[in-house]
S.K.: 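What follows is a single structure, and I will ask about it in a moment.
Not measured: the values here are computed from a predicted model. Values below: all heavy atoms of this structure, side chains included; hydrogens, waters and symmetry mates excluded.
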Amino acid sequence: MRHARYRDNGAVPARPEFQVSSWELRWSGFDLDVLPEIESIFALANGHLGLRGNLDEGEPIGTPGTYLNGVYEHHELPYAEGGYGYPEDGQTIVNVTDGKTIQLFVEEAPMDMRYGKVIEHEQILDFRRGTVRRDTVWASQTGRCVRIRSERLVSFTQRAVAAIRYEVEPLDSRLELIVQSDLLANEEVAPPGDDPRLAAALHRPLVADFAVANGNSAVLVHQTRNSGLRVAAGMDHEIGDGSGNVCDIRAEDNLARMTIAADLAKGEVLRLTKFIAYGSSGRRSTPALRAQVDAALAQAKQTGWDNLASRQREYLDEFWSHADIEIDGDPELQQAIRYALFQVLQAGARGENRPISAKGLTGTGYGGHAFWDTEIFVLPVLTHTMPDSAAAALRWRHSTLERAKRRARELAHDGAMFAWRTINGDECSGYWPAGTAAVHISADIAYATAQYVAATGDGQFEIDCGAELLVETARLWVSLGHHDSTGRFRIDGVTGPDEYTALVDNNLFTNLMAQANLTEAADVCERLPALARRLGVSAEETARWRAAASRMEVPYNPDLGVHEQAESFTRLAHWDFATMTPADYPLLLHYPYFELYRTQVVKQADLTLAMYLRGDAFTAEEKVRNFEYYEALTVRDSSLSACAQGVMAAEIGYLQLAYDYLAETAFIDLHNLHDNVSSGLHIAGLAGAWMVCVAGFGGMRHRGDELAFAPALPDALSRMKFRILWRGSCLQLDVTADEVTYLLQSGDPVQLTHHRQRLTVGSDPITVSNPRAVRSGEVESPVHRAPRRRRP
């Protein structure tokens, strides 16, 4: 589930303030109250390894966090009253051994931002360097003043490695300094409280296996208490010439520490470079993991800080060359869009057959679980900017296929029923009406699979993984649904994206996504008959899939002239929005699900999202009527809603509203709009910024092999330029209010349609006029739930 807490539109949220800059995020000054939010916002990750933006000294701290993708702990799921088929085990991401900490003592006084005086402090997240820089001037309680500079990176090119360059300089007199560089396991984590979005508390989940220290390096190996996963963490150091002496290094079960003593004159600098490496496995032995970490550290030291930083910049230069979105007219929004793209990259770049969780590797929100967020919101961005990463995420889903098939059998169905929320592929949602019943996730995975293959032409992936994903999910729908007495195909008793409407018949989103799934599966089996035979698919089975797809029930109310989110939805009682106050939201924290399920109130875009993903199933007029009807019911108590509403608002001509929604999804974390950024970033919401720009204002759609654009800009933006990858080519669009220039940056010519005009974009740019249909008037929103009007 996704829960949100919005403030009244007129209220100013308490949040960090950032300087506006195109290519970096800069926070100046120091405010202890917003430190937990800063730790998430300045997190670094590469899809495999993630470090929260904790201060180098380790304290003060909001939530410590070092995460390895796929490292989790089991815990029992409590039920007041259990039942057959209920998941038994929960899963929670583990805060593994922390290698970030570098403590400083100035004349025996610990450097702690809560004491003494912070004279200057700033942190800078650089989107092109891929590092966080920190610059602090601090005076101890006895008045001794030092400058601390550090730069931290999590390497995109050496996925198991992080590194820190740390410098201390006395500013007023000669000083005796002590620096302690740590590896620390089983850090104390504050209990999560009663917020349902937060993870279950884990008490000392790591059991010590091995510890060693030698020279300037140390390695600790632990095993998770219940899930049995081994984690090795190592550190090694380079110390600047003449700037200090190692006076001690030691290792014990949960702590390894190197201590450096230095006596520095004013203006001299103690410089330390710390290399950190990790390894994890459910199968490999402790000696094998130690060897793996030793090798990663040796490679990192051989590469050196300068080359690690240089390669990080080269990696990001390549990414931005085909992923950047440029806008003119709103500098703060430009910064937020690039921040969003950078964080999506960090969530998925080097995951390599591991899940992309709702919070990425920035915090423990939602227990570190992956949901349908990955396939519907994140993978479209990666497919068109980092296709190898999209393929890796889908390969992870394929690696869990046997678990999904087992889950389907457990619930008396054929095919594959993928987990609603998971880390290892097993279902770990204890609330089955919004978990197990949200079976649309299987169709979402099939949709992302088909979209990836169409956009990349990756035939080998289709043979290895894609076709089987489509086939096994198609088998689920034929088993789950049935033909009624009129011959219509029904899917009853399910939950769609809107979690305020559960266990319904013929949820439109689910039915249309299942319809696409069935059709795509039949198509791939007929296109690859040998593969179909290997998967045991007969002509009779594909005929059943096509029959179910062609007869799929799509609920519609002819009296209102709108589609129904689910069968009879428009006949439910209306929610009494007139009595609502801002404090009543989110509804689920103030009203029982028993009332929410019985009324026309929508938590997040459901039918509206279906109109984006399956736009071919609706006429233009139907899209307008549907959008206006459901806007008045959608309260957006979810981080996944604004982007889908923004895409459809742009398509039908409500361009200012789309612009407002773009700002809401782009600033979701920088402005802490949901009051929970301290537990990690909203990766799908940040991916939504790309969706509104490219699919909304760029009007990009692709149905199979057909690529189409229908750009339109809001008045606030005078220009937007973006690039996408399509079948090995890089295509650029430069959009203004009146015209669009298509340019092939690399690869073979691309065939596309521009507002239904066919074009072939080759080596020469093509400039065409841009018809702009703007719809006048305002759309009704629930009381206190209209998006904040964006005025740059």
Side-chain angles (χ1 to χ4, degrees), residues 1-15 37 192-198 358 365-366 431 433-435 438 495-504 565-566 569-609 627-646 649 657 660-661 663-665 667-669 671-679 682 684-685 688 778-790:
M1 293 183 292
R2 304 290 184 277
H3 310 298
R5 290 183 182 141
Y6 282 85
R7 299 173 176 85
D8 181 13
N9 287 338
V12 178
R15 59 178 175 85
E37 288 77 24
D194 60 359
D195 189 329
R197 297 164 293 189
L198 302 182
Y366 303 117
Y431 184 64
T495 299
D498 172 30
E499 294 162 9
Y500 285 173
T501 312
L503 300 178
V504 297
Q565 181 173 290
F569 178 85
T570 56
R571 286 183 278 172
L572 296 176
H574 286 270
W575 189 268
D576 186 6
F577 288 112
T579 63
M580 304 297 289
T581 70
D584 291 324
Y585 297 99
L587 300 182
L588 60 90
L589 295 185
H590 303 95
Y591 296 91
Y593 276 111
F594 182 69
E595 286 303 305
L596 296 171
Y597 289 165
R598 298 168 61 243
T599 53
Q600 290 189 61
V601 58
V602 179
K603 181 183 180 184
Q604 63 202 72
D606 189 309
L607 189 145
T608 298
L609 180 59
F627 181 84
E628 292 175 347
Y629 185 88
Y630 287 94
E631 274 295 287
L633 306 177
T634 304
V635 294
R636 296 193 324 288
D637 286 349
S638 163
S639 60
L640 304 180
S641 196
C643 56
Q645 291 171 268
L657 180 61
D660 298 339
Y661 279 135
E664 183 171 303
T665 196
F667 287 113
I668 189 171
D669 291 320
H671 289 182
N672 198 13
L673 295 179
H674 289 234
D675 281 350
N676 65 346
V677 72
S678 60
S679 67
H682 298 82
E778 297 289 332
V779 182
E780 181 183 354
S781 297
V783 174
H784 304 298
R785 306 308 283 157
R788 185 173 299 171
R789 181 56 57 94
R790 178 70 182 169

S.K.: Taking the six-membered ring where the residue is Trp, are the ring centres of Y591 and W575 under 6.0 Å apart?
M.R.: yes
S.K.: Is the shortest side-chain N to carboxylate O distance from K603 to D498 below 4.0 Å?
M.R.: no
S.K.: Please enumerate all residues that pass ring pair (Phe, Tyr, Trp, His ring centres under 6.0 Å) together with Y661, with sequence neighbours excluded.
M.R.: none
S.K.: Give, for atom OG1 of T570 and atom OH of Y629, the distance between the pair rounded to the nearest 0.5 Å.
M.R.: 5.5 Å
S.K.: So, do Y585 and V635 sit near enough that their side-chain heavy atoms are less than 4.5 Å apart?
M.R.: yes
S.K.: Could you go through the side chain to side chain contact (heavy atoms under 4.5 Å, CB included) check for L633 and F569 one step at a time?
M.R.: CA-CA 12 Å; L633 306 177; F569 178 85; 3.9 Å; yes
S.K.: Report yes if some heavy atom in the side chain of N672 is under 4.5 Å from a heavy atom in the side chain of D675; otherwise report no.
M.R.: yes
S.K.: According to salt bridge (Lys or Arg N to Asp or Glu O under 4.0 Å), does anything in residues 582-597 pair up with another residue at least two apart or in another chain? List the pairs.
M.R.: E595-R598
S.K.: Treating T608 as the side-chain partner and A605 as the backbone partner, does any N or O pair qualify as donor plus acceptor under 3.5 Å?
M.R.: no
S.K.: Test side chain to side chain contact (heavy atoms under 4.5 Å, CB included) on F577 and V601; report intermediate values, then the result.
M.R.: CA-CA 9 Å; F577 288 112; V601 58; 3.9 Å; yes
S.K.: Just one of R788, R789, R636 clears the salt bridge (charged side-chain N to carboxylate O under 4.0 Å, His left out) bar with D660, so which one?
M.R.: R789
S.K.: Indicate yes or no: at least one non-hydrogen side-chain atom of V504 is less than 4.5 angstrom from one of T495.
M.R.: no
S.K.: Given 3.5 Å as the limit, does a donor-acceptor pair link the side chain of S781 with the main chain of A632, or not?
M.R.: no
S.K.: Using only atom types and a distance under 3.5 Å, with no angle test, would you say the side chain of S678 pairs donor to acceptor with the backbone of E37?
M.R.: no
S.K.: Between CG of L588 and OH of Y500, what distance do you get to the nearest 0.5 Å?
M.R.: 4.0 Å
S.K.: Given 3.5 Å as the limit, does a donor-acceptor pair link the side chain of H682 with the main chain of A358, or not?
M.R.: no
S.K.: For residues V602 and Q565, report the shortest heavy-atom separation together with the two atoms involved.
M.R.: CG2-OE1, 3.6 Å
S.K.: Can you name the residues that form a ring pair (Phe, Tyr, Trp, His ring centres under 6.0 Å) with Y597, not counting sequence neighbours?
M.R.: Y593
S.K.: May I ask you to test the T501-D606 pair for a side-chain heavy-atom distance under 4.5 Å?
M.R.: no
S.K.: Keeping D637 on the side-chain end and L587 on the backbone end, is there a donor-acceptor pair under 3.5 Å?
M.R.: yes
S.K.: Measuring from atom CG of N676 to atom OG of S639, what distance do you get when rounded to the nearest 0.5 angstrom?
M.R.: 7.5 Å
S.K.: Evaluate Q600 against R571 for side chain to side chain contact (heavy atoms under 4.5 Å, CB included), listing each step before the verdict.
M.R.: CA-CA 8 Å; Q600 290 189 61; R571 286 183 278 172; over 6 Å; no
S.K.: Is R790 salt-bridged to E664, going by a charged N under 4.0 Å from an acidic O?
M.R.: no
S.K.: Looking at R785 and E631, is there a salt bridge between them, counting it only when a charged N and a carboxylate O are closer than 4.0 Å?
M.R.: no
S.K.: Do the side chain of Q604 and the main chain of P497 share a donor and acceptor less than 3.5 angstrom apart?
M.R.: yes
S.K.: Does S638 use its side chain to pair, donor to acceptor, with the backbone of L640 at less than 3.5 Å?
M.R.: yes
S.K.: Are side-chain heavy atoms of Q645 and T634 found at a separation under 4.5 Å?
M.R.: yes
